[in-house]
Structures are given as structure tokens and as C-alpha cells.
Trainee: 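Just passing along the structure, written as C-alpha cells.
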Amino acid sequence: MAAGATGYADILKAPHAARLLTGTLVGRLPNATGPVAIVLFTRAQGGSYTLAGGLAAVYGIATAIGQPLLGRAVDLHGQPRVQFPAAVVSALGMVLLAAVGIGAMPVAYAAVAVAGVFTPPLEGGLRALWPSVLGGEDRVHRAYAMDAVAQEIMFTVGPLLVTVLVSLWSAGAALLVINVMGVLGALSVVLSEPSRGWRSAPREAHWLGALRSPGLLALLGSFFFVGLALGSITVAGVAYADDQGREAVYGWLMAALGLGALIGGAAYGARQWAGAPERRLRGIVALLALGYLPLALTPGVIAMTALSAVAGLFLAPAIACAFIVVDRHAPSGTVTEAFSWLVTTFGVGAAAGTAVAGPAVELGGTAWSFAVAGAGGIAALLVLTATQRVLAVPGRTKDIAGSSENDRNGAAEPGFSSGREA
């Protein structure tokens, strides 16, 4: 882990790297905290878990629709012309929700839909920027791992920040503050030199865009279920805290989940991995599923917090490894769109998880909602296992480059050819 920390420090010393990472994380706070903020806001307004899950699901689905479309727009028109305007419109959607509450349900659903559709694809944009900022295979791959670790810190700090804002002011105030921070983060990114100067590689015109890659489709199918598992934990954690009669317990569970991801991601990034990343991803997802299953036991707070930490260990490694797989299977000129599709699919899965976990709590109790997470992990593994032949041959067709435009900096997985054909 010390080697990983040293490598991360080296990456952050590169010009613009710290600013881009920080701006992206702050800019993504609204999206990272959106489901829990919506759940807490709805509950504070007297709404049911089912209603809270429904609103969060609409937000997630809307995000899923918007991310690849905005990602394609970024590939075509550049980052500043897309990212910042989208961040402003998304924030205005959440402001509208805070203003109208759940009394006018059509307006509330429309507000979360607008906020979701216009969520800027900052995450995919950052992945696209790393090669030009860092250069070199080792540094880019380590940046993917660092990015996944930092994301888990954000997913830990974000919900804690929301709960603090709710306790100090109100759930509505939390929505406003988080979204103002998101706009400022996006502004920091798009004003940076790498963001202003970045241009996508030439692309073949195709209505499917990045989705014409069979390997990418297989990966997206798996990460839908990874997202479902994580999304269900958002609602299940709130229900568990209610069972314990202490709202702070939710923060402890999320913090433990993030701590586990931090440890796992740091360990993953501390070494150079040999072998096919697709095969490695199957092993990581298998361990991820194994970590989610015991949560359904819902023991006491101390034991549950420990189980949450174990459940988080393999999430950041899975995300970091998935970035490499995306990079190997994305068609040329679609890097932002391809990464955005991964974010989108993960978000759709998370939305489905919140939607399923809400009724699961009311029908079978908290244990059932945590069981959704275990089922999601198993399903993700089954998809990767069933599609391993497709995932094993990146770049076999003419229009699919094994490492996409990111490989112009040599970011191909060690031990593999780029997969490009003459």
C-alpha cells in the first residue's frame, strides 16, 4: 500500500492532475449523493420508502439517458461547451425539487429527471484526459486505480456531508449546497488547460457509437448488476439505521463501505498486474459478490459496520479494472462516450437497486433489501462468465481498437498487443 501511495503522489505532482481530480470529484458530488439526498429529502417531507425509491430511480434512469448522449457531445464538441452548461441545468433541477417538495408530484418527478439528464459526464471526461496529462502506461493505469479510490472517498464523504447538512439545516438546504458545489467543481475542470485543449481521436460515423463493441456491451451488462447491488445498499442502509433507532448508523455503514473500498483500491493500485484484465475482472467481481452476501444477516451495529468494510474491499479494484477493459474495447473516437456508458449502466443499476430495495424493505424487512445486493453481485459474475469469449478478443474487428485513443500514450495492458489491425 505504501508503494501505491507513493505512486499516487507522483501522479498528483503532474501538472493539472490534482486540479482535475479535485474538480471532477467536487463536480460529481451532486450525482454521488443524489440518491441518498433524494431519499432523505422525501422521508423528511413525510414520503414513503417506495416513493423515495421511485424518485431516486427516475433520477438514476434520467442520468443513464443523459450520460452517453452528453459523452458523445463531448467527443464531438469538446469538454467546456458541454460540461459546464449541463452542470448548471442539472443543479437547477435539484433547486426546483427543493422548492416544490413532494406536494406536487409531477413537478417533483420532472425536477429529478432534469437533474439526472443533464448530469455532466465529468467522470468519463477525466478518464479521457489522463493519457494527455500523464502519459505512459504505468501512470495512466495507476491513475485509473487512484481515481477509483478517490471516487470511493467521495461516496463516503458525500453521504456524510449530506447527513451533516440535513442535521444542521434541512434536507432541502442539503440539496442546494451540494449542487452549488457541483457547479463550482465542473467550472474548475472546464477552465483547466487540458480540458480546453482536449480533442477526441477521429471516429467512424455510426449511430451506435461506442455500443458497436460487443466486449463493451458485455461489460455494461455486468456492471448494471454491480450498480444494482450498490444502489440497494443505499436504501437498505437507511432502513437498517431506522431499525437501530439511530440515524448516524447509516453514516457509519457508508463510511465503512468507503473505507473498505479505499483499502482495496490502494492495494490494487500498489502493484503492476500481469495477465488479461478481463480475466482479472471476473475474479474481482466474484470476491465482490462474496462480500455482499453476508450483509443480509443484519447483525448488530459493530458487526454490521465490519461487514460493510469487507463488502467494500473489492469495489474500487473492480471499477479500476473495468476502466482498463473499457479502454481496450472502445471504438476509436468514442472514449468519453464509452466511459460514460459504463457510468450510465452503473447508474441505471443503482437506480434499479434503490427501486427494488424500497419495496423489499416494506415486504420482507431490512434483510431482504440487503439480499438484493448479494443477488446483484452474483448476477454480475454470471454475466462476465457467460460473455468471457467476447471479452477475451478486444480489437478483433476493424472498427474496434483494443485500447481506443487512450493508447496513443502507450496505455495498453502489459503483455498484450494493442489489438489494432493494419
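Atom set for the values below is all heavy atoms of this structure, side chains included, hydrogens, waters and symmetry mates excluded. Keep in mind it's a predicted model, so treat the numbers as computed, not measured.
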Trainee: Between Thr298 (side chain only) and Ala367 (backbone N and O only), is there a donor and an acceptor less than 3.5 Å apart?
Mentor: no

Trainee: Taking Glu278 for its side chain and Val325 for its backbone only, find out whether a donor-acceptor pair lies under 3.5 Å.
Mentor: no

Trainee: Suppose the criterion is side chain to side chain donor-acceptor pair (under 3.5 Å): which pairs have a residue in residues 356-385, not counting sequence neighbours?
Mentor: Thr50-Glu362, Asp243-Thr366

Trainee: Nearest heavy-atom pair of Ala98 and Leu176: which atoms, and what distance?
Mentor: CB-CD2, 4.2 Å

Trainee: Would you find a donor on one side and an acceptor on the other, under 3.5 Å apart, between the side chain of Ser170 and the backbone of Ala173?
Mentor: yes

Trainee: Does Ser232 reach the main-chain N or O of Ala229 with its side chain, forming a donor-acceptor pair under 3.5 Å?
Mentor: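 Judged by distance alone, yes, a pair lies under 3.5 Å.
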
Trainee: For Asn179, what residues pass the side chain to side chain contact (heavy atoms under 4.5 Å, CB included) criterion, not counting sequence neighbours?
Mentor: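 With neighbours one apart ignored, the set is Pro30, Ala91, Met94.
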
Trainee: Would a distance-only check, ignoring hydrogens and angles, find a side-chain to backbone donor-acceptor pair under 3.5 Å from Gln83 to Val189?
Mentor: no

Trainee: Between Tyr240 and Val301 (side chain of the first, backbone of the second, donor and acceptor by atom type, cut-off under 3.5 Å), is there such a pair?
Mentor: yes

Trainee: Ser222: what forms a side chain to side chain donor-acceptor pair (under 3.5 Å) with it, not counting sequence neighbours?
Mentor: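 So Ser222 forms no side chain to side chain donor-acceptor pair (under 3.5 Å) with any residue.
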
Trainee: Backbone N or O of Leu191 within a donor-acceptor pair of the Ser195 side chain at under 3.5 Å?
Mentor: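 No, the answer is negative, given that no donor and acceptor are paired below the 3.5 Å cut-off.
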
Trainee: Below 30° counts as parallel, above 60° as perpendicular, anything between as tilted: where do the rings of Phe339 and Phe323 land?
Mentor: perpendicular

Trainee: Please report the closest heavy-atom contact between Leu391 and Leu219, naming both atoms and the distance.
Mentor: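 Heavy atoms of Leu391 and Leu219 come nearest at CD2-N, 4.3 Å.
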
